[in-house]
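Have a look at the structure below, then the notes.
Letters go in sequence order (proteins before strands), and every chain restarts at 1.
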There are 2 protein chains.
Amino acid sequence: MGKTDAFLEHAEAIERGLLDIGRAAKASGVSVKMVRHYEAIGLLRKVARTYANYRVYTMNDVHTLRFIKRARTLGFAIDDIRELLALWQNKSRSSAAVKKVAGAHLEELKRKIVEMKSMVATLEHLTHHCHGDHRPDCPILDDLAGARKPGA
Amino acid sequence: MGKTDAFLEHAEAIERGLLDIGRAAKASGVSVKMVRHYEAIGLLRKVARTYANYRVYTMNDVHTLRFIKRARTLGFAIDDIRELLALWQNKSRSSAAVKKVAGAHLEELKRKIVEMKSMVATLEHLTHHCHGDHRPDCPILDDLAGARKPGA
DNA sequence: CTGAAGTCTGCCACCATTGGAGGGTCAAGG
DNA sequence: CCTTGACCCTCCAATGGTGGCAGACTTCAG
């Protein structure tokens, strides 16, 4: 508070343990592109800049980026992550609120898996019955064309 | 060939068993929007028009739309469908070519399922250990924040 | 001083689909 | 004839998350 906020020259910032965007990206596993993007959409605070307008990150920012990265890896959507970040930073949160977000995502994942498994089942059935040779006859195309098992 | 191609007035077209886009959409299960889109990207031929510039579809077009619809339901990408449609319409195709497209898609689906299952496993583990009550302590946030089982 | 590597902003592309704006057309009924 | 409502038309934009490129500037090492 007392000290001026905008000291900030690149070399000096690095010396003081701060990171430029490249280092922050490497340290968090998020691409430089996405680091900027997350800032643009308000997932990450607007970070400080050097005189040359370079972004300057603290280790705290890197933690946030890692949090985002991990959440993305678990398939959370950006808006979910926005909420999770808010909960993370809110020390009077309830774990129920967190569990609710995770639970909804979990259900969505399961729903999608069921859907894809159904596709897989159908496709495996069809490919199993497809000769896969030089001849044109193909149950896969028959199915797509709407032929429903002529024998059944 | 002999007869002029562009008779085409709306009422007459309908009488002759042709369909306007709304009917074609309903008959195929594809939305009106997407019917136009599929034409725009060359998945469906450029259909004829009435004098008033309304699109006119044949039952053949409806079959194609159903084919596309079914393929999308099975998760095929547009470019895959483009290829499948070409194979469908090519009577000297080899079933092997069809099987190859389906097989690649199948593998991709399986890959995604494995990926999502891994997410589900992690999330279920975490939510299982989350109290989900008024207290702030939450293993889900701990995981996202990078805390790796302090006990282990 | 020069060159390479890093950073800045801004814009476009992907994929499939939906939505809207702003207009024309068709059919039914007054 | 005129209105009304349900169609249809085209064009444009947005979604979500990421990558890529262009043109300009900065930094740092040789």
Side-chain angles (χ1 to χ4, degrees), chain A residues 8-15 18-44 46-57 65 68-83 105 108-109 112 115 119, chain B residues 8-15 18-44 46-57 65 68-83 105 108-109 112 115 119:
Chain A
L8 296 184
E9 207 156 322
H10 190 229
E12 195 185 342
I14 301 297
E15 257 179 66
L18 299 173
L19 298 83
D20 60 31
I21 197 171
R23 287 173 232 253
K26 216 168 261 179
S28 63
V30 176
S31 74
V32 167
K33 265 307 223 197
M34 292 312 295
V35 173
R36 278 192 278 248
H37 181 63
Y38 291 150
E39 178 180 337
I41 64 176
L43 218 49
L44 192 66
K46 284 198 177 182
V47 298
R49 304 286 187 123
T50 65
Y51 290 131
N53 205 31
Y54 281 24
R55 289 174 177 80
V56 176
Y57 296 86
L65 286 169
I68 296 170
K69 171 77 175 176
R70 173 76 177 144
R72 288 291 302 139
T73 301
L74 289 178
F76 283 102
I78 296 293
D79 276 350
D80 286 345
I81 298 177
R82 206 183 296 278
E83 201 170 340
H105 175 47
E108 183 62 12
L109 278 175
K112 284 184 186 164
E115 194 183 343
M119 295 177 183
Chain B
L8 297 184
E9 207 153 323
H10 190 227
E12 196 184 343
I14 301 297
E15 258 180 64
L18 299 174
L19 299 83
D20 59 31
I21 197 171
R23 285 172 234 253
K26 216 169 258 176
S28 62
V30 176
S31 75
V32 168
K33 274 296 225 204
M34 292 312 293
V35 173
R36 279 193 279 249
H37 181 61
Y38 291 150
E39 177 181 336
I41 64 175
L43 218 47
L44 193 65
K46 284 199 179 182
V47 298
R49 304 287 186 122
T50 66
Y51 290 131
N53 204 30
Y54 281 24
R55 289 175 177 81
V56 176
Y57 297 86
L65 286 169
I68 296 171
K69 172 77 175 176
R70 173 74 176 145
R72 287 294 300 139
T73 300
L74 289 178
F76 283 101
I78 296 293
D79 276 350
D80 286 345
I81 299 177
R82 204 182 298 277
E83 202 170 338
H105 175 46
E108 182 62 14
L109 278 174
K112 284 185 186 163
E115 192 183 344
M119 295 177 185

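Where A:Gly22 and B:Met34 meet DNA chain C, the nucleotide closest to each residue was compared, and A:Gly22 sits on the side nearer the 5' end.
A:Lys46 places its NZ atom 15 Å from the C1' atom of C:dC8, with the value rounded to the nearest Å. When rounded to the nearest whole Å, the span between CD of B:Glu39 and C1' of D:dC11 equals 15 Å. Atom CG in B:Leu65 sits about 16 Å away from atom P in C:dA16, given to the nearest Å. We find that NZ of A:Lys26 is positioned 11 Å from C1' of C:dG6, with the value rounded to whole Å. Rounded to whole Å, the distance from CZ on A:Phe76 to C1' on D:dG16 is 17 Å. Here the C1' atom of nucleotide C:dC8 and the CG atom of A:Asp20 are 13 Å apart, to the nearest Å. Nucleotide D:dT26 holds its P atom 17 Å from the CD1 atom of A:Ile21, rounded to whole Å. A:His37 places its NE2 atom 11 Å from the P atom of D:dG19, with the value rounded to the nearest Å.
Residue A:Tyr54 has its side chain nearest to C:dG6 when only C:dG6, C:dC8, C:dA16 are considered. The listed nucleotides are C:dA16, D:dG17, D:dC9; the one nearest the side chain of B:Arg49 is D:dC9.
Contact annotation: the side chain of A:Val35 never approaches that of A:Glu39 to less than 4.5 Å [non-hydrogen atoms, C-beta and beyond]. The shortest distance between side-chain heavy atoms of A:Met119 and B:Thr73 does not fall below 4.5 Å. Looking at A:Arg55 and A:Arg36, their side chains come closer than 4.5 Å, going by heavy atoms from C-beta outward.
Residue A:Arg36 is in base contact, counting any heavy-atom pair closer than 4.0 Å across all strands shown.
Distances shorter than 4.0 Å separate none of the side-chain N or O atoms of A:Tyr51 from OP1 or OP2 on D:dT26. Phosphate proximity of D:dG19 to A:Ser31: present, with a side-chain N or O under 4.0 Å from OP1 or OP2. Look at A:His10 and you'll find a side-chain N or O under 4.0 angstrom from OP1 or OP2 of D:dC28. In this structure, B:Arg55 does not reach the D:dC8 phosphate: none of its side-chain N or O atoms is under 4.0 Å from OP1 or OP2. An OP1 or OP2 oxygen of C:dT17 is reached within less than 4.0 angstrom by a side-chain nitrogen or oxygen of B:Tyr38. At the phosphate of D:dT18, OP1 or OP2 sits under 4.0 Å from a side-chain N or O atom of A:Arg72.
Among all heavy-atom pairs drawn from B:Ile41 and B:Arg82, the shortest one is O-NH1, 2.8 Å. The shortest heavy-atom contact between B:Val47 and B:Val56 is CB-O, 3.5 Å.
The base of C:dG10 lies close enough to the side chain of A:Lys33 for a donor and an acceptor atom to sit less than 3.5 Å apart.
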